[in-house]
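Numbers here are sequence positions counted from 1.
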Amino acid sequence: MLWGFSVLKDEQMKAIAELEEKLDITLLSFSGINIKNAELTKDDLDQIEKLESDLGLSLVAVKVE
């Protein structure tokens with residue numbers, strides 16, 4: 001299971017924003033995604049590592065179930 005920021009509908013955003021304002025806090029919404037490790041070749045991994053280096057960030061290769 002991987003957790004990421006939720007994709008919210010307008011009415012969900014409105015309800016969250018209203019509660020945030022009422023409580024004077026910031027709420028973050030996360031949703032779970034069923035995943036498994038991606039099977040990568042050496043060339044695939046090299047390409048991912050190069051992109052990570054070029055962009056200055058970390059990437060995770062998965063298959064969404």
Side-chain angles (χ1 to χ4, degrees):
M1 178 80 54
L2 174 72
W3 293 89
F5 288 111
S6 301
V7 176
L8 301 171
K9 297 177 181 173
D10 289 341
E11 59 271 8
Q12 293 170 310
M13 289 289 297
K14 183 176 184 268
I16 292 169
E18 288 172 357
L19 185 57
E20 287 177 323
E21 185 174 333
K22 178 180 178 182
L23 301 178
D24 192 28
I25 59 171
T26 299
L27 296 169
L28 302 177
S29 176
F30 294 91
S31 297
I33 305 166
N34 289 324
I35 60 164
K36 63 180 181 176
N37 293 336
E39 295 182 24
L40 302 172
T41 65
K42 171 75 169 102
D43 183 58
D44 295 337
L45 187 56
D46 289 344
Q47 290 180 66
I48 292 168
E49 288 175 343
K50 181 181 182 322
L51 184 58
E52 286 178 322
S53 179
D54 291 348
L55 299 177
L57 48 78
S58 296
L59 299 170
V60 177
V62 299
K63 289 283 187 178
V64 176
E65 296 180 337

Among all residues two or more places apart in sequence or in another chain, which pass the side chain to side chain contact (heavy atoms under 4.5 Å, CB included) test with [X]?
X: Ile48; result: Leu40, Glu52, Leu59, Ala61
X: Leu27; result: Ile16, Leu19, Glu20, Ile25
X: Asp43; result: Thr41, Gln47
X: Val60; result: Val62

Would you say [Y] ends up clustered with [X] if hydrophobic residues are merged whenever their side chains have heavy atoms under 4.5 Å apart, either directly or through other cluster members?
X: Leu28; Y: Leu2; value: no
X: Trp3; Y: Leu57; value: no
X: Val7; Y: Met1; value: no

Applying ring-ring contact (aromatic ring centres under 6.0 Å, His included), which residue pairs with at least one partner in [range] are found, sequence neighbours left out?
range: residues 8-27; answer: none
range: residues 41-65; answer: none
range: residues 29-65; answer: Phe5-Phe30
range: residues 39-65; answer: none

(message) Tell me whether Asp46 is salt-bridged to Lys50, with the criterion being a basic N under 4.0 Å from an acidic carboxylate O.
(response)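 No salt bridge links Asp46 with Lys50.
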
(message) Does atom CD (Glu21) have a neighbourhood of more than 12 heavy atoms from anything else shown, all under 6.0 Å?
(response)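 Counting other residues, nucleotides and ligands, CD of Glu21 stays at 12 neighbours or fewer.
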
(request) For Glu18, enumerate each residue passing the salt bridge (Lys or Arg N to Asp or Glu O under 4.0 Å) test, keeping only those at least two apart in sequence or located in another chain. (result)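 Counting only residues at least two positions away or on another chain, Glu18 forms a salt bridge (Lys or Arg N to Asp or Glu O under 4.0 Å) with Lys14.
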
(request) Under the side-chain hydrogen bond (donor to acceptor under 3.5 Å, both in side chains) rule, collect the residues that match up with Lys9, sequence neighbours excluded. (result)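 If we apply the side-chain hydrogen bond (donor to acceptor under 3.5 Å, both in side chains) test to Lys9, skipping adjacent residues, there are no hits.
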
(message) Which residues pass the side-chain hydrogen bond (donor to acceptor under 3.5 Å, both in side chains) test with Gln12, not counting sequence neighbours?
(response)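 For Gln12, no residue satisfies side-chain hydrogen bond (donor to acceptor under 3.5 Å, both in side chains) once neighbours in sequence are set aside.
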
(message) Give me each pair satisfying side-chain hydrogen bond (donor to acceptor under 3.5 Å, both in side chains) with a member in residues 24-39, each pair once, sequence neighbours excluded.
(response)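 Qualifying pairs: Ser6-Ser29, Ser6-Ser31.
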
